[in-house]
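Below is one structure, written out as structure tokens, with a few remarks after it.
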Amino acid sequence: MGVKLAGKPVVEYLREDIKSRVAILGEKNSHPTLLLIRVGEREDDISYERSILKNCELLGIKINVKQLPIDVTMEEVTNVFAEANTDKNVHGIMIFRPLPAQLDVDVICNLIDPAKDIDCMNPINLEKVFEGGSTGFAPCTPKAVIEILKYYEIPLKGANVVVAGRSLVVGKPLAMLLLDENATVSICHSRTKDMPSVTSKADIVVAAIGKAKFMTENYFSQDQIVVDVGINDDGNGKICGDVDYDAVIDKVKAITPALGGVGLITTTILLNHVVQACEKFSGVIE
Ligand code: NAD
């Protein structure tokens, strides 16, 4: 039976580190602060906001929520960003997406100061991920994958890693972060020929294709580590991953669950970015 790689201990480990850094900043009278911008009243946004508020309280991170009406104009949003970008008491900025049609998301992504762009919206931060190194803020989900692999001490240097999925949110930036860890990375996608023959030869397989239980036993082999990023509806109202967990866990060495796996870690990564932004602003780190 393969081992279940749960996200909870990873979150606890990261939280302890964040709390101690927040305390160090507090001694210097610096208080990491997040500005959360919400347009309208989408249920998904409100629920995510609740989770961020709870986590901020737990970690000692200050948070301000700017609520904007659903019919807000581009000019008003532009002004909110201009103010937040220059506000010395705001270290991280995030706006919930998707946005209503009158708002141009591409323009908005470019409005945010890259130094405060904790959710990697600005193309400048994505570009930094592709350049390598860690001077910017990488997207939270790929970062969560790296954290989970590191926490469980899964060697990445020289490892053959297959990433299934090539989206700009998960697959492509994750491939770059893995390269930074000196892994040998292959990317599979919807046009890959005979994907099982590629994935089954890897040391580590990361599934990020957005298809419920798509990857079954034949995609995997013994001794493999599987990270399932997928969060899908299984057709019966339950959440499932891209990997058929029940069929695969007996075949591989270890696997992350769809619920309580990678997704559990992303909010902590986001808040870690707020603390990092504050550390850079206060000169604690370069
Ligand atoms: P996406 O739809 O933007 O991209 C899917 C990618 O998978 C594409 O690059 C496509 O080429 C590839 N693909 C599609 N069908 C394929 C197939 N049959 N074989 C091989 N590759 C195939 O999705 P995304 O935004 O990258 O998200 C992927 C999954 O991760 C989704 O289930 C999403 O819900 C989940 N997700 C989870 C988190 C989290 O916090 N855990 C965050 C973001 C996304």
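Note that this is a predicted model, so its numbers are computed, not measured. Every number for a ligand or one of its atoms is a count from 1 in the order of the listing.
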Point to revise | Glu147 (side chain) donor-acceptor with Val11 (main chain) under 3.5 angstrom | key: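 It does not hold such a pair.
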Practice item. Mark yes or no for whether Asp228, through its side chain, and Ala258, through its backbone, hold a donor-acceptor pair below 3.5 Å. Key: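 No.
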Practice item. Can you sort out the partners of Lys201 under side chain to side chain contact (heavy atoms under 4.5 Å, CB included), two or more places apart, ordered by chain and number? Key: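 Applying side chain to side chain contact (heavy atoms under 4.5 Å, CB included) to Lys201 gives Ser197.
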**Study point:** In one Ile/Leu/Val/Met/Phe/Trp/Tyr side-chain cluster, 4.5 Å: Ile285, Val275
**Key:**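 Both belong to a single hydrophobic cluster.
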Point to revise | Within-4.5 Å side-chain heavy-atom neighbours: Ile265 and Tyr151 | key: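 Ile265 vs Tyr151: side chains apart.
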Exercise for review: Begin from the C-alpha positions of Thr33 and Asn64 and carry the test side-chain contact (heavy atoms from CB on, under 4.5 Å) through to its verdict.
Suggested key: CA-CA 8 Å; Thr33 305; Asn64 301 319; 3.9 Å; yes
Point to revise | Within the 4.0 Å heavy-atom sphere of ligand 1, strictly under, residues | key: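 For ligand 1, the residues that come within the 4.0 Å heavy-atom cutoff are Thr141, Gly165, Arg166, Ser167, Val170, His189, Ser190, Met195, Ala208, Ile209, Gly210, Lys211, Phe214, Val229, Gly230, Ile231, Asn232, Asp242, Gly263, Thr266.
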